[in-house]
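Letters A, B, ... are given to chains in the order of the sequence lines, protein chains preceding strands, and every chain is numbered from 1. Hydrogens, waters and symmetry mates are skipped; everything else that's a heavy atom, side chains included, is used.
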2 protein chains.
Amino acid sequence: MDELIEYIEKSLPLSEEMKRDLVKISKVKHLEKGEIVLSEKSHRKIQVFVVSGCLRSFYKSEKGKEHTLQFAIKNWWISDYITLFSNANSIMCIESLSYSKVILFEEKELDKIYKQYPTLAMVQRVGLQNRIAALQKRILGLLTLSAKEKYQRFLDEYEFFEKVIPNYQIASFLGITPESLSRVRKEIALS
Amino acid sequence: MDELIEYIEKSLPLSEEMKRDLVKISKVKHLEKGEIVLSEKSHRKIQVFVVSGCLRSFYKSEKGKEHTLQFAIKNWWISDYITLFSNANSIMCIESLSYSKVILFEEKELDKIYKQYPTLAMVQRVGLQNRIAALQKRILGLLTLSAKEKYQRFLDEYEFFEKVIPNYQIASFLGITPESLSRVRKEIALS
DNA sequence: CTAATTTCTTATCATAGATCAATTTTAATC
DNA sequence: GATTAAAATTGATCTATGATAAGAAATTAG
């Protein structure tokens, strides 16, 4: 939990009271590789802060195909934003890709805190804005890039993600098949 | 300007002081069809609130291809979120698709207001969250749907957009060519 | 260390959607 | 309303990527 506080304090010094309230609603959890934090069934509205390790959120289509929405490492938030912020119930999963430590929050509780401490809400606001910019960039990428270009951009942007993400998940993040990704990788290796 | 205040007041009653401050930093503008609000060159950070009419934001690739990021009508905000919220300077354009009335804000000024009036910031926060959910949904659609399915979903979601958006712009929003869209439309018409 | 899974690669073939080019339809302008 | 320009359609290819299948490599479990 100290890690989250430390992280927030990069943007905003927290009073003892704020810290106490944050801790009160948080739940630290250790995850094995492959462990599911949030499954498609449960419509719990939770936000996940990653202390260490790596997680991903994905959607499984009727045909059983997985589509990765997000990867997250240390100091990132990951959640099912569709369930969280709209009333539609998306059928999303969040799973851990390695041994990870996370902090869980019920959206409702977190929201109360933001209402109570506007300065904290300000920090979150900046986070939301950054996320919007990132999502827009991703959409632009999906609209404009070829499989190869998407993968190369991925390598650039996710270089600090260590090698814990299997390629088939990267493919599902880029919107291509594992086979295509494999070809692209070969092509890059040969050049 | 009254329209924005009226719109905000659906979520939050505004004090006279708040209204005054909002008006102070706003600039109402009337746009002809085809008029550009924000061009790729100018790196002004502005937010646009649509009072009436219809606008779109798009990116023009090196090869001159246009890719539409967003359409917006009455009561929507539209901006170049990439320039706005990240330091990358995206080369984005916002143009009016019909006669429109909009209200412009300098991001900086708006930000000051949010800092000054936390309750207003709360309203914006909800707006940001909704946008994130919408963007995630769009990404999911781009990852999972065929051209036909994307178009059908578009028709559902944008039915209230009157018929002011030319098909080639819809195509550029869906990530397909105008020719493909035309074929999809024909197929739908025949079934 | 070996066996069993899971992931990755490679090859072949199929196809949705792109590209190019020409025509028709619709809308804008004088 | 006639002329011009913009947008939409259609047809004929072409191509990037998907689908299927099978073997190789890597990881996990016993």
Which donor-acceptor pairs under 3.5 Å do the side chains of residues 96-104 of chain A make with protein atoms, sequence neighbours left out?
| residue | atom | partner | partner atom | Å |
| --- | --- | --- | --- | --- |
| A:Ser96 | OG | A:Ser98 | O | 2.6 |
| A:Ser96 | OG | A:Ser100 | OG | 2.9 |
| A:Ser98 | OG | A:Cys54 | N | 3.2 |
| A:Tyr99 | OH | A:His30 | ND1 | 2.7 |
| A:Ser100 | OG | A:Cys54 | N | 3.2 |
| A:Ser100 | OG | A:Ser98 | O | 3.0 |
| A:Lys101 | NZ | A:Glu3 | OE2 | 3.1 |

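- In the region residues 151-159 of chain B, proximity to DNA chain C at under 4.0 angstrom, judged on heavy atoms, holds for none of the residues.
- Listed by chain and residue number, B:Phe49 satisfy the ring-ring contact (aromatic ring centres under 6.0 Å, His included) test with B:Tyr7 (two or more places apart in sequence, or in another chain).
- In this view, A:Asn130 and A:Val126 satisfy the side-chain contact (heavy atoms from CB on, under 4.5 Å) rule, not counting sequence neighbours.
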Could you pull out every donor-acceptor pair under 3.5 Å between side chains of residues 132-139 of chain B and any protein atom, sequence neighbours left out?
| residue | atom | partner | partner atom | Å |
| --- | --- | --- | --- | --- |
| B:Arg138 | NH1 | B:Leu69 | O | 2.7 |
| B:Arg138 | NH2 | B:Thr68 | O | 3.3 |
| B:Arg138 | NH2 | B:Phe173 | O | 2.8 |

Please tabulate, for the side chains in residues 109-117 of chain A, all donor-acceptor contacts under 3.5 angstrom to protein atoms that are two or more places apart in sequence or on a different chain.
| residue | atom | partner | partner atom | Å |
| --- | --- | --- | --- | --- |
| A:Asp111 | OD1 | B:Arg125 | NH2 | 2.9 |
| A:Asp111 | OD2 | A:Lys115 | NZ | 3.0 |
| A:Gln116 | NE2 | A:Asp21 | OD2 | 3.4 |
| A:Tyr117 | OH | A:Asp21 | OD2 | 2.6 |

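- Pairs of residues two or more places apart, or lying in two chains, that qualify as salt bridge (charged side-chain N to carboxylate O under 4.0 Å, His left out) and include a residue from residues 142-155 of chain A are A:Lys148-A:Glu187.
- Residues forming a ring-ring contact (aromatic ring centres under 6.0 Å, His included) with B:Phe85 (at least two apart in sequence, or on another chain): B:Tyr81.
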Mind listing the N/O atom pairs, protein and nucleotides 4-8 of chain C, below 3.5 Å?
| residue | atom | partner | partner atom | Å |
| --- | --- | --- | --- | --- |
| C:dT7 | OP1 | A:Tyr168 | OH | 3.2 |
| C:dC8 | OP1 | A:Asn167 | N | 2.6 |
| C:dC8 | OP2 | A:Asn167 | N | 3.4 |
| C:dC8 | OP2 | A:Tyr168 | N | 2.9 |

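- Atom CD1 in A:Ile170 sits about 10 Å away from atom P in C:dT9, given to the nearest Å.
- When the shell of 6.0 Å around NZ of A:Lys163 is examined, it contains more than 12 heavy atoms from other residues, nucleotides or ligands.
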Which nucleotides of nucleotides 12-30 of chain D have their base under 4.0 Å from a protein heavy atom (B), which only their sugar-phosphate (S), and which neither (-), written as one string 5' to 3'?
B----SBBB-------S--
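- Scored by the ring-ring contact (aromatic ring centres under 6.0 Å, His included) test, B:Tyr168 finds no partners at all (sequence neighbours excluded).
- For the side chain to side chain donor-acceptor pair (under 3.5 Å) test, no residue two or more places apart in sequence or in another chain qualifies with A:Glu159.
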